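Given the structure is predicted, the values throughout are model-derived calculations rather than measurements. Proteins come first, then strands; the chains are lettered A, B, ... in the order of their sequence lines, and each starts at number 1.
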Number of protein chains: 2
Amino acid sequence: MKVSLSLERSNSRDVAIMVDTLRASTTMTVALENFKKILPVKNIEEAEKLADKYNAVLAGERDGARVEGFDAGNSPVEIKNFKGEILVLTTTNGTRVLEGINSKTLVGSFINAKAVAEKAVEIADSHIEVVMAGVNGKFVIEDFLGAGAIISNLQDQELDEAAIAACMASHDKKMVNDAVKNSKSAAGLYKLGLGKDVEFCLNRNIYDTVPVYKNGTVEKML
Amino acid sequence: MKVSLSLERSNSRDVAIMVDTLRASTTMTVALENFKKILPVKNIEEAEKLADKYNAVLAGERDGARVEGFDAGNSPVEIKNFKGEILVLTTTNGTRVLEGINSKTLVGSFINAKAVAEKAVEIADSHIEVVMAGVNGKFVIEDFLGAGAIISNLQDQELDEAAIAACMASHDKKMVNDAVKNSKSAAGLYKLGLGKDVEFCLNRNIYDTVPVYKNGTVEKML
C-alpha cells in the first residue's frame with residue numbers, strides 16, 4: 001500500500017484522509033458522537049438555508065470566530081454541548097478541501113489518528129493519500145504534524161518521502177505540542193479566547209470515530 | 001530576520017540558500033578547496049565548450065552517473081582529486097535551481113550547514129530563504145533534512161512554519177542518516193556504486209567554506 005502526503009489537492013482515486021487539525025477535522029470527529037450527519041458547506045447563506053430546511057444545529061467560523069447568530073463555532077469543545085440529527089458546519093479551509101477530493105475521503109486528526117489510519121488500510125486498494133488542508137493553500141505546521149501522527153500508524157506501508165518527513169517531525173510529543181501551540185493558527189484561537197480548543201485538538205487517539213465524506217455529507221464510517 | 005523554507009522556487013530578494021544535498025551543494029563546497037571558480041551549466045554541450053575555452057576540469061552527471069568523457073562526476077569524493085583554476089560542473093537540478101534564484105545565493109548542505117547559516121545572517125537584511133532543490137520540482141527528503149540542518153543554526157530567528165517543520169524532522173541524527181540513506185536519490189547512487197558519496201554528504205559541518213553564486217559563477221564567499 002502506497003502512502004503519500006500532499007497539500008490541499010489530492011490526486012488519489014483510492015482513499016484520501018483530509019487533515020485540518022485546527023479545527024475542522026477535530027470538530028467533525030467529535031460532532032459525530034451526537035449527530036448522525038454533518039453537512040459541511042462553504043458559505044454562510046447556504047448554511048443558514050440548510051439549517052432552516054432540516055431544523056439542524058448550525059455551527060461554523062469565519063477567521064476563527066463563531067459566525068454571528070450561529071449555535072456554535074467550529075469548535076470541538078463547544079460542539080459537545082449540542083445533539084441532533086443533522087449538524088450544518090461551515091469552515092474556511094476544511095470544507096473547500098473536502099469538496100476538492102475525488103476519492104473516498106476520511107477525516108483525520110490527532111484525536112482519531114490511529115483509528116483513521118487503520119480504517120484507511122482496511123478500505124484502500126493500493127494508495128492512501130494524506131491531504132493537509134493548509135490555510136489558503138499554504139503549508140501550516142499543525143496539519144503537517146497531524147498528518148505525521150496519522151502516518152506514524154502506517155509505517156509498515158510504502159511511504160513517500162514527504163510522508164516520511166512528517167513522521168520524523170512528529171516523533172517527539174512535547175515538541176509537537178509546543179509547535180502546534182506556537183502555530184499561527186493557534187495564536188489566532190488563543191486571541192479569541194479559544195485556547196481550550198487548541199488543547200483539546202492535541203489529545204491523542206481519544207476517539208475511534210472515523211468520519212467519511214460522501215456526496216456532500218459526513219457520516220461515521222462503520 | 002525572517003527565515004523561510006521553499007521548494008525549487010525562491011521569492012527572496014535578499015539572501016537565498018540553495019540546498020541540493022545529493023550532491024550538487026556538497027560537490028561545490030568541496031571543489032572550492034581546490035578551485036577558484038565553478039561554472040555551473042545546464043547542458044553538456046555548453047559544459048564541454050566552456051571547459052575547452054578555459055582549459056578547465058570538466059565534471060557532471062546525468063541520472064547520477066558521470067557523463068562520458070568528463071573528468072569527474074558530480075561527486076564530492078571524486079572532485080577532491082582534481083585541482084585547477086576553473087571547474088565546469090553540470091548537474092540536473094542544482095544548476096537549474098541556482099539560475100532561477102534572483103537574490104544573493106549561497107550554497108548549503110550538511111557539510112557546511114553551520115557556516116552557511118552564519119554567513120547568511122551576516123549578509124542578509126531581513127529575509128533568508130532556504131530553497132530545497134528537489135528533483136524535477138518534487139520534494140525530496142534529503143533536501144528537506146539538509147535544510148533542517150542549516151535552519152537548526154537559525155533558531156533564534158523568525159522561522160516560518162515549514163522551516164520549523166524541517167528543524168523538527170532533523171532533530172535526531174541517526175533518523176536523519178537513515179532517512180537520507182534510504183532515500184530514492186541515495187538508492188540511485190548506491191546502484192551506481194557511489195555509496196561513498198552518500199556517506200560523505202552526511203558529514204556534519206566539516207567545511208567552513210560558503211559557496212556563493214553570482215553572475216553564473218560560484219566562488220568562495222570571503
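Around atom NZ of A:Lys2, no more than 12 heavy atoms belonging to other residues, nucleotides or ligands sit under 6.0 Å away. Residue-environment remark: CG (A:Asp208) stays at or below the threshold of 12 foreign heavy atoms within 6.0 Å. When the shell of 6.0 Å around CZ of B:Arg204 is examined, it contains more than 12 heavy atoms from other residues, nucleotides or ligands. With a 6.0 Å radius and a threshold of 12 heavy atoms from other residues, nucleotides or ligands, B:Asp178 has its CG atom above the threshold.
Between B:Glu161 and A:Ile141, the shortest heavy-atom distance links the atoms OE1-N, 2.9 Å. A pairwise comparison of heavy atoms in B:Ala169 and A:Met168 identifies O-CE, 3.4 Å as the closest pair.
With a threshold of 4.5 angstrom between heavy atoms, A:Lys138 does not approach chain B through any atom at all. In this structure, chain A has a heavy atom under 4.5 Å from the side chain of B:Ala179, while its backbone stays farther away.
Within the 4.5 Å cutoff, side-chain heavy atoms of B:Met175 are placed close to those of A:His171.
Taking CZ of A:Phe139 as the start and CD1 of B:Ile164 as the end, the distance is 9.0 Å to the nearest 0.5 Å.
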